[in-house]
Amino acid sequence: MTKEKLLLLDGNSLAYRAFFALPLLTNEGGIHTNAVYGFTTMLQKILEEEKPTKMLVAFDAGKTTFRHESFQEYKGGRQKTPPELSEQFPYLRKLIDAYQIKRYELEMYEADDIIGTLAKSAEKEDFDVVIVSGDKDLTQLASNRINVYITRKGMTDIEHYTPSHIEEKYGLTPNQIIDMKGLMGDTSDNIPGVPGVGEKTAIKLLKEYGTVENLYDQIEGMKASKMKEKLVANEEQAKLSKQLATINTDAPITITLNDLAYPGPNEEEVLNVWQELSFKSLIEKSEFQSQVHETKEISFSIIDEVSTDLLKDQMAVHVELENDHYHTCKVLGIGLSNGESNLFVPFDVAAKSEPLRLWLEDATKEKYLSDSKVAQAAIQRYGIFIEGVSFDLLLSSYIVNPAISGEDVAVLANEFGYRDVQSNEVIYGKGAKWAVPSIEVLAEHVARKALAVWTLKPTLEDKLSENEQYNLYKELELPLASILGKMESEGIRVNISTLEKMGQELTEKLVVIEKEIYELAGEKFNINSPKQLGVILFEKLELPVIKKTKTGYSTAADVLEKLESEHDIVKHILLYRQLAKLNSTYIEGLTKEVHPEDSKVHTTFQQALTSTGRLSSTNPNLQNIPIRLEEGRKIRQAFVPSHQGWVLFSADYSQIELRVLAHMSNDENLVDAFKQGMDIHTRTAMDVFHVPADEVTSDMRRAAKAVNFGIVYGISDYGLSQNLNITRKEAGQFIDKYLQSFPGVKEYMDTIVQDAKLKGFVTTILNRRRYLPDISSSNFNLRSFAERTAMNTPIQGSAADIIKKAMIDMDARLKKEGLKSKLLLQVHDELILEAPKEEIEILERIVPEVMENAIELAVPLKVDFSYGDTWYEAK
DNA sequence: CGACTCACG
DNA sequence: ACGTACGTGAGTCGT
């Protein structure tokens with residue numbers, strides 16, 4: 001017999017929480033759904049994690065409760081439930097019924113009391129009990145057997161109030177939560193408490209006196225103070241408040257534990273309710289609904305010899321690969337579709353077919369691809385160079401909405417309402433069960449993908465035109481895909497023996513430091529485990545705890561730096577961390593990625609991933625090779641040109657994001673600074689600190705630089721204070737001064753947030769979009785985050801637009817000049833090329849020229865460059 | 001598989 | 001009062 005576990009949900013409180021935490025969604029019939037949606041996502045998560053055997057959702061019944069008998073104003077002054085929420089309760093009840101969860105309400109009692117009563121009786125029966133609510137009042141019920149979960153932020157972020165968590169957070173026992181409420185009151189329930197006593201004071205008093213009653217028994221001994229007067233004057237009120245806050249664990253409920261058995265959801269019913277509420281995302285990823293959805297039948301043929309008449313002037317082409325390592329993996333076959341005939345060409349047939357190769361390489365034949373970069377890069381390994389790409393599903397989806405995720409054609413197709421294609425997971429399975437299916441199944445799957453791409457082209461192109469994004473897609477992202485494919489295929493040469501030598505040195509150093517650390521700690525432990533390290537530092541060595549994480553002590557570098565003076569071990573740990581990172585990520589990790597045939601690494605640039613329009617780089621990530629610290633920077637010595645007598649040539653934009661900001665805000669002062677070619681951080685320091693240029697100290701410049709970063713990130717006083725290690729107030733003053741000096745920036749920031757609220761999205765210089773669904777959220781955190789994003793994305797995204805345009809221009813220019821030099825990497829504001837020495841001179845001329853003229857702004861763009869025998873020397 | 005840490009722009 | 005800087009990817013630990 002498995003152990004009984006009772007899950008008790010506070011229906012009203014969770015519905016309220018969800019309603020205010022999420023933006024106002026509506027279903028197709030115009031009914032608001034956000035509270036039910038939030039409740040559902042929370043419920044799904046909790047069911048998954050807790051697997052209860054018994055369940056109940058408790059609701060409040062009616063307006064008056066037994067608490068009103070002793071205090072009429074209880075919950076007085078509360079805003080009426082908004083109609084947008086009221087209308088959702090019938091659906092919520094329907095949903096709970098579909099899950100086959102019991103619900104219960106009781107005249108004169110609140111949901112809290114039902115929960116308290118059942119929790120205590122279940123505890124006596126030795127059940128494990130979990131209570132979920134949005135209301136911290138329930139935490140008074142916590143015990144060894146009873147866990148109280150309180151939802152935070154969204155709805156799926158849940159804080160677990162165990163007695164030890166409460167002890168950590170407040171220094172109180174669960175029972176004392178009631179006393180705390182009694183003293184501090186609760187505005188939302190209109191519980192008065194003692195005026196002038198807040199959380200801090202209440203906790204302090206309870207630590208000394210234990211309970212409200214005890215406090216008043218001993219109050220005569222308390223030394224005279226304002227606070228004592230207040231306590232004395234409000235004794236009655238404090239005791240009443242405590243009584244009001246106390247959950248009744250002996251309510252006259254007519255339901256017993258035996259009635260609460262939870263058999264699991266009626267899946268069909270749940271899906272029906274979801275359908276009614278238009279919970280599309282839930283329906284799609286639902287485990288109830290088998291992922292193998294019905295698809296309409298299609299006809300398809302497996303081709304064993306490609307004849308020219310099969311190949312039309314326009315066709316969707318889908319290159320099916322074994323996995324996403326397309327620089328190495330097997331190609332399974334090619335799907336072709338023109339909406340009428342759907343074909344599958346197994347790759348052994350395709351690779352030998354001269355007609356197919358000629359057709360693929362014929363630029364006048366239009367090809368529609370799901371992911372043109374992957375297809376081109378994979379096929380070119382077999383000497384086939386796809387030309388005439390005129391549609392790319394992945395890129396067009398990404399431009400329409402960068403939040404749309406996934407390279408799986410089925411996932412993308414579903415986003416746009418096309419369902420006649422299965423997901424890869426359904427066809428291949430996942431994890432250990434992964435396998436290539438029979439040729440018939442594979443052929444149909446690939447043919448369906450091609451048909452999906454064919455069918456979706458007009459849909460996507462219409463959306464792009466509607467949003468005035470067709471140019472961005474067709475003239476920027478699409479041609480860029482081919483360039484990135486070439487860069488990836490070209491790869492960059494890595495000198496393995498350089499890495500090996502560094503690795504040996506690092507390992508030797510690490511052994512020494514490790515020994516030192518164990519000695520200072522007095523024992524051996526795993527330094528790589530933050531958990532074990534935390535125990536050593538903060539328990540054994542009793543260093544002060546500066547910051548905590550969800551799961552324990554923070555041992556992050558900024559924390560350790562503050563502890564350096566406290567104990568010698570700290571600096572050793574910092575050094576160990578630094579070297580261990582270099583060794584595991586950049587020596588060992590990078591070495592694994594080097595292809596033995598050519599001694600090169602071939603990264604993958606993700607072109608449809610980031611929300612801002614930047615690229616990202618994986619397998620390996622070549623956009624985060626160390627540079628800031630010298631020890632790490634040496635890693636760059638291992639990156640070399642692929643030919644004798646060549647160099648690596650690097651060119652980077654100077655302050656591109658601040659220049660973009662100057663352009664978009666049109667702030668006179670900022671524009672002027674750039675036009676005059678000033679050092680922007682020094683100029684900022686002059687304005688913020690009101691000093692002439694020659695009186696700007698390095699600290700002032702450093703602070704100004706941090707402010708400039710802050711501005712770009714969507715500033716907050718707190719963030720800046722953390723970064724500069726100053727008080728929030730000082731940080732706030734810096735920001736105020738900055739905004740006074742650059743009023744255009746302030747206006748721009750205000751406007752962009754307003755604009756985002758109005759339209760629901762922000763845009764970049766080339767009209768890239770990012771939707772911000774949380775921008776009008778009533779949840780402070782979500783809304784603030786969206787506001788910062790609204791400020792940052794146009795800046796970061798426009799900078800991405802500019803360098804992407806520069807890459808296209810650069811590719812064309814290198815070709816036009818007939819150069820051998822090649823683009824190898826892009827690192828957000830920097831391009832890395834390799835070049836024969838004799839071309840250096842011309843690159844010095846054309847690279848800055850191309851980059852600086854990629855897009856014309858209200859301020860000049862400035863490019864610095866350098867070259868050398870390794871990436872390290874090209875600095 | 002999530003949390004933490006740390007590398008980059 | 002709320003709790004944070006923006007955007008990424010990889011290695012490691014521990015459930």
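Numbers restart at 1 for each chain; the letters A, B, ... are given by sequence-line order, proteins then strands. Predicted model, so just to flag it, every value in this text is computed and none were measured. We use all heavy atoms of the structure for the numbers below, so side chains are in, but hydrogens, waters and symmetry mates are not.
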Side chain of A:Thr610: nearest nucleotide among B:dT5, B:dG9, C:dG7?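 Looking only at side-chain atoms, A:Thr610 lies closest to C:dG7.
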Check whether any side-chain N or O of A:Arg659 sits under 3.5 Å from a backbone N or O of A:Ser654 as a donor-acceptor pair, and report yes or no. yes
What's the closest nucleotide to the A:Gln606 side chain, out of B:dA3, B:dC6, C:dG9? C:dG9
Determine, for A:Arg783 against A:Asp774, whether the closest basic-nitrogen to carboxylate-oxygen distance falls under 4.0 angstrom. no
Would you kindly give the CD1-to-C1' distance between A:Ile527 and B:dC4, to the nearest whole Å? 17 Å
Between C:dT4, B:dC4, C:dG7, which one does the side chain of A:Asp717 approach most closely? C:dT4
Sugar-phosphate, base or nothing in reach of A:Leu582, heavy atoms under 4.0 Å: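 Answer is nothing: A:Leu582 stays at 4.0 Å or more from every strand.
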According to the Watson-Crick and G-U wobble definition with distances under 3.5 Å, which dot-bracket string, read 5' to 3', encodes DNA chain B, using [ ] for crossing pairs and | for pairs with another strand? |||||||||
Among B:dT5, B:dG9, C:dA5, which nucleotide has an atom closest to any side-chain atom of A:Ala706?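 The answer is C:dA5.
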Can the ring centres of A:Tyr161 and A:Tyr149 be said to be less than 6.0 Å apart?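 No - the distance between ring centres of A:Tyr161 and A:Tyr149 does not fall below the 6.0 Å cut-off.
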Between the side chain of A:His327 and the main-chain N/O of A:Thr603, is any donor-acceptor distance below 3.5 Å? yes
Using atom P of each nucleotide, how far apart are C:dT4 and B:dA3 to the nearest Å?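 Nearest-Å result for C:dT4 against B:dA3 at atom P: 14 Å.
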Side chain of A:Phe780 only, please: which of B:dG9, C:dG7, C:dC2 is the nearest?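 Between B:dG9, C:dG7, C:dC2, the one nearest the side chain of A:Phe780 would be C:dC2.
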Test: A:Lys746 cationic atom under 6.0 Å from A:Phe742 six-membered ring centre, within 45° of axis: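 Here A:Lys746 fails the 6.0 Å and 45° test against A:Phe742.
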Cation-pi, A:Tyr718 ring and A:Arg728 (6.0 angstrom, 45 degrees): no
Report yes or no: is there a donor-acceptor pair, N or O only, under 3.5 Å between the side chain of A:Gln796 and the base of C:dC6?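 Indeed there is one.
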Between the base of C:dT4 and the side chain of A:Arg788, is there any donor-acceptor pair under 3.5 Å? yes
Where protein sits on nucleotides 10-15 of chain C, one letter per nucleotide: B base, S sugar-phosphate only, - none, heavy atoms under 4.0 Å: SSSSSS
Which nucleotide wins on minimum distance to the side chain of A:Ser616, given the candidates B:dA3, C:dG9, B:dA7? C:dG9
To the nearest Å, give me how far apart CD1 (A:Ile573) and P (B:dC6) are.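 Answer to the nearest Å: 11 Å.
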Do A:Gln655 side-chain atoms and A:Ile680 backbone N/O form a donor-acceptor pair below 3.5 Å? no
Euclidean distance for P, C:dA5 against B:dT5 (whole angstrom): 13 Å
Using a 3.5 Å distance criterion without hydrogens, assess whether the side chain of A:Arg17 forms a donor-acceptor pair with backbone atoms of A:Thr151.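 Yes.
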A:Thr618 (side chain) donor-acceptor with A:Pro620 (main chain) under 3.5 angstrom: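 Checking the backbone N and O of A:Pro620 against the side chain of A:Thr618, no donor-acceptor pair under 3.5 Å is found.
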Among C:dG3, C:dG7, B:dA7, which nucleotide has an atom closest to any side-chain atom of A:Ser784?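 Taking heavy atoms from C-beta onward, the closest nucleotide is C:dG3.
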Can you tell me which nucleotide in C:dT4, B:dG9, B:dC4 comes closest to the side chain of A:Arg728?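 Side chain of A:Arg728 sits closest to C:dT4.
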